[in-house]
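In this chain, numbering begins with 1 at the start of the sequence shown.
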Amino acid sequence: MRSDAIKNGPAGAPLRSLYYGAGYTREEIEKPLIGVVNAQNEIIPGHIHLDRIAEAAKRGVLMSGGTPLEFPVIGICDGIAMGHAGMKFPLSSRELIADSIEAMASAHALDGLVLVPNCDKIVPGMLMAAARLNIPAIVISGGPMRAGYYEEETLDFTILSEKVGVCKDGKISEEELEEIALRACPGCGSCSGLFTANSMNSLTEVLGMGLPFNGTALADTAERVRLAKQAGIKIMELIEKDIKPRDILTLDAFKNAITVDMAMAGSTNTVLHLPAIAHEAGITLDLTLFDEISNRTPYLTKLSPSGIHHMEDFHRAGGLPAIMNELTKKGLILKDCITVTARTIGESISDACIKDHDVIKFIDDPYRNRGGLAILRGNLCPDGAVVKESAVADEMLVHSGPAVVFDSEEEAAEAIYDKQIKKGDVVIIRYEGPKGGPGMREMLAPTSSIVGMGLDKDVALITDGRFSGATRGAAIGHVSPEAMEGGLIGLIQNGDRIHINIPERKLEAEITEEELQKRRKEYIQPEPKIKTGYLYRYAKLVTSANTGAVLE
């Protein structure tokens, strides 16, 4: 065991003394030391219950002969941070989470890790740490929230966000909006649609770093507690068999994750997080791989925001094992990848079947013959841009219109709410990328207001920032290079004609080369928005969105 080198023999007496001071016995100290990394806090509904999950995981460790040692990490709620300066921090917190776990696990020579996240950046941050440290590790997430209900309407966070636009358009009262707000998030768990948190929890399962149903077993159920106990038991088996994260996080495992991501139309943020996790495992995931896999992967399930179903429906229909087993029928899942079950992914899913064909389609009868996410290219985004194609109205898959340019999310949201945006417009929001934001803010307010005001079939949004996993409509993000790095998006002017062709994967600005050269000569880069503290340092080190926004 890794910890033996520092805790055994006469030289280990000072260390043992400190453990004695914490109340541990000699017998506990001599067992494998398992870090239980708990992201619980009293702010995020997705994390409010994680103490219960961590406690169950610790019981599993104890049952299997280990000593659990719990320690915390931070977790930011994207929904609460949304729409103001606080949104600059969630993506950058991913690096803080990975760094803090690396520091704690390395400083204390821990033998293994049980990682307990649930929401957007916390899940990839923990996976990045696992890949970086490469000691036995398993993820047990907190699980999805149930959907809410108001009268006869099923609710979730994105529907509530869109109701803000409906309210501002005068179609519902503020009192009714508040009634909907009371019911949209009915309890603990990660928000109930296939937004970023549930996308990443699902892909953790597909990657092999979480047990079957890690992505879908509901937060408030005994099933989730049992799963946590099993995770605590399994970490001891992983230590015994010396199965480490980089044995699991192979290129084939990432290909499986991208395939399932496309089959269920996960959040566009997965295109940031999967490359970042792969980077820590020494693997490069180019955006072309995402599009290659999308082109051959049928779209099998329409979960909110792309459709009406929620994570509880997906779980009842068979969850990730069912959709993966269905994908094997056309050889789309690489079955030999090892997982934290100590078995291959093929062995884990072989008996799974679809239990509700309204929720998960058969592979021969998909919603579409290619995946839910699309990578666009063109002079506006030579290094790529991302859109959730499955959540775009058919009328907007091909669109041309005049640019309406804003240098911040706040300016754009104000103009939308003031009804300054007309049908046919292409809203450009720039200087919101990893460097320019800094922190690459999610922009649910502008997108949901567009939908709420009934413009989602007439107006497109393009940004070098990103969109919430709860976003739907013609919302194109991750434009690379970003404006702050000299990308063409920084040179766009009001009235420029923008051409979007999602089926052909194209995003172009209609500007002559002569005009472009003139604008480049006249261009003056704005001052950084943040000049002190962590975000200032982050902006100096962060790479482009197309590389996962990792730190150099």
Practice item. Could you walk me through whether Leu177 and Leu160 pass side-chain contact (heavy atoms from CB on, under 4.5 Å), step by step? Key: CA-CA 8 Å; Leu177 179 64; Leu160 169 62; 4.1 Å; yes
Full working for salt bridge (Lys or Arg N to Asp or Glu O under 4.0 Å) between Asp99 and Arg132: CA-CA 9 Å; Asp99 290 351; Arg132 187 186 303 172; 2.8 Å; yes
Can you list the steps and then say if Thr204 with Met126 is a side-chain contact (heavy atoms from CB on, under 4.5 Å)?
CA-CA 10 Å; Thr204 296; Met126 288 193 176; over 6 Å; no
Determine, stepwise, if the pair Glu389 / Leu397 fulfils side-chain contact (heavy atoms from CB on, under 4.5 Å). CA-CA 8 Å; Glu389 181 177 4; Leu397 290 171; 4.0 Å; yes
**OP:** In sequence, state the C-alpha distance, the side-chain angles, and the governing distance for Met87 and Asp78, and then conclude on side-chain contact (heavy atoms from CB on, under 4.5 Å).
**Re:** CA-CA 7 Å; Met87 196 64 223; Asp78 283 46; 3.5 Å; yes
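Between Thr341 and Pro212 there is a side-chain heavy-atom pair separated by less than 4.5 Å. Using a 4.5 Å cut-off on side-chain heavy atoms (C-beta onward), Ser202 and Met264 make contact. By the 4.5 Å heavy-atom criterion applied to side chains, Val387 and Thr268 are not counted as neighbours. A 4.5 Å side-chain heavy-atom check between Leu455 and Lys423 finds at least one atom pair inside the cut-off. Within the 4.5 Å cutoff, side-chain heavy atoms of Ile375 are placed close to those of Val386. Taking the side chain as every heavy atom from C-beta outward, Asp407 and Arg430 approach each other to under 4.5 Å. Under the 4.5 Å side-chain criterion, counting only non-hydrogen atoms from C-beta, Ser390 is not in contact with Tyr367. Using a 4.5 Å cut-off on side-chain heavy atoms (C-beta onward), Val114 and Pro68 make no contact.
Salt bridge status for Glu95 with Arg537: absent, with no side-chain N to carboxylate O gap under 4.0 Å. A salt bridge links Arg441 with Glu432: the closest approach of a Lys/Arg side-chain nitrogen to an acidic carboxylate oxygen falls below 4.0 angstrom. Between Lys58 and Glu55 there is a salt bridge, since a side-chain N of the basic residue sits under 4.0 Å from a carboxylate O of the acidic one. Taking the charged nitrogens against the carboxylate oxygens, Arg183 and Glu179 do have a contact shorter than 4.0 Å, which makes a salt bridge. In summary, Asp220 and Arg52 do not engage in a salt bridge, as defined by a charged side-chain N under 4.0 Å from a carboxylate O. Comment: Asp120 does not engage Arg94 in a salt bridge, judged by the lack of any side-chain N to carboxylate O separation of less than 4.0 angstrom.
Checking side-chain atoms of Ser294 against main-chain N and O of Met262 turns up no donor-acceptor pair under 3.5 Å. Side chain of Arg368 to backbone of Tyr299: no donor-acceptor contact under 3.5 angstrom is found. When atom types are taken as modelled, the side chain of Glu205 and the backbone of Gly215 share a donor-acceptor pair closer than 3.5 angstrom. Checking side-chain atoms of Thr301 against main-chain N and O of Val359 turns up a donor-acceptor pair under 3.5 Å. A donor-acceptor pair under 3.5 Å is formed between the side chain of Thr543 and the backbone N or O of Val550. Judged purely by atom type and a 3.5 angstrom limit, Lys355 has no side-chain atom pairing as donor or acceptor with the backbone of Arg316. Glu482 places no side-chain N or O within donor-acceptor distance of the main-chain N or O of Ala545, the cut-off being under 3.5 Å. Of the possible polar contacts, one joining the Asn38 side chain to the Gln40 backbone as a donor-acceptor pair under 3.5 Å is found. Glu326 contributes a side-chain N or O that, together with a main-chain N or O of Ile363, makes up a donor-acceptor pair within less than 3.5 Å. A donor-acceptor pair under 3.5 Å links the side-chain atoms of Asn198 to the main chain of Cys191, judged by distance alone.
Going from atom CD of Glu395 over to atom CG of Asp456 covers 8.5 Å, rounded to the nearest 0.5 Å. With rounding to the nearest 0.5 angstrom, the CD1 atom of Ile293 is 4.0 Å from the CD1 atom of Ile258. Between Met443 atom CE and Thr463 atom OG1 the span is 3.5 Å, to the nearest 0.5 Å. Taken to the nearest 0.5 Å, the CG atom of Leu320 stands 5.0 Å off from the CZ atom of Phe314. One distance of note links OG of Ser192 with NE2 of His310; it measures 4.0 Å at 0.5 Å rounding. Rounding to the nearest 0.5 Å places NZ of Lys419 at 13.0 Å from CD1 of Ile421.
Between Ser141 and the choices Thr216, Asn201, Asn118, the side chain to side chain donor-acceptor pair (under 3.5 Å) rule is met once, by Asn201.
In terms of heavy atoms, Ser199 sits closest to Gly266 at OG-CA, 3.5 Å. Residues Lys168 and Tyr417 share a closest heavy-atom pair of CD-CD2, 3.0 Å. The two atoms that bring Gly439 and Leu91 nearest to each other are O-CB, 3.5 Å, heavy atoms only. Here the shortest heavy-atom pairing between Asn41 and Gly75 reads ND2-O, 3.0 Å. In plain terms, the two heavy atoms of Ser267 and Leu373 that are nearest each other are O-CD1, 3.8 Å. Shown here for Ile140 and Asn214, the closest heavy-atom pair between the two residues is CA-OD1, 3.6 Å.
Ring planes of Phe213 and His315: perpendicular class, angle over 60° (limits at 30 and 60°).
Judged by distance alone, the side chains of Thr158 and Asp156 never bring a donor and an acceptor atom under 3.5 Å apart.
The environment of CD in Glu414 is sparse: at most 12 heavy-atom neighbours from other residues, nucleotides or ligands sit within 6.0 Å. The 12-atom threshold is exceeded at CZ of Phe71, counting heavy atoms of other residues, nucleotides or ligands nearer than 6.0 Å.
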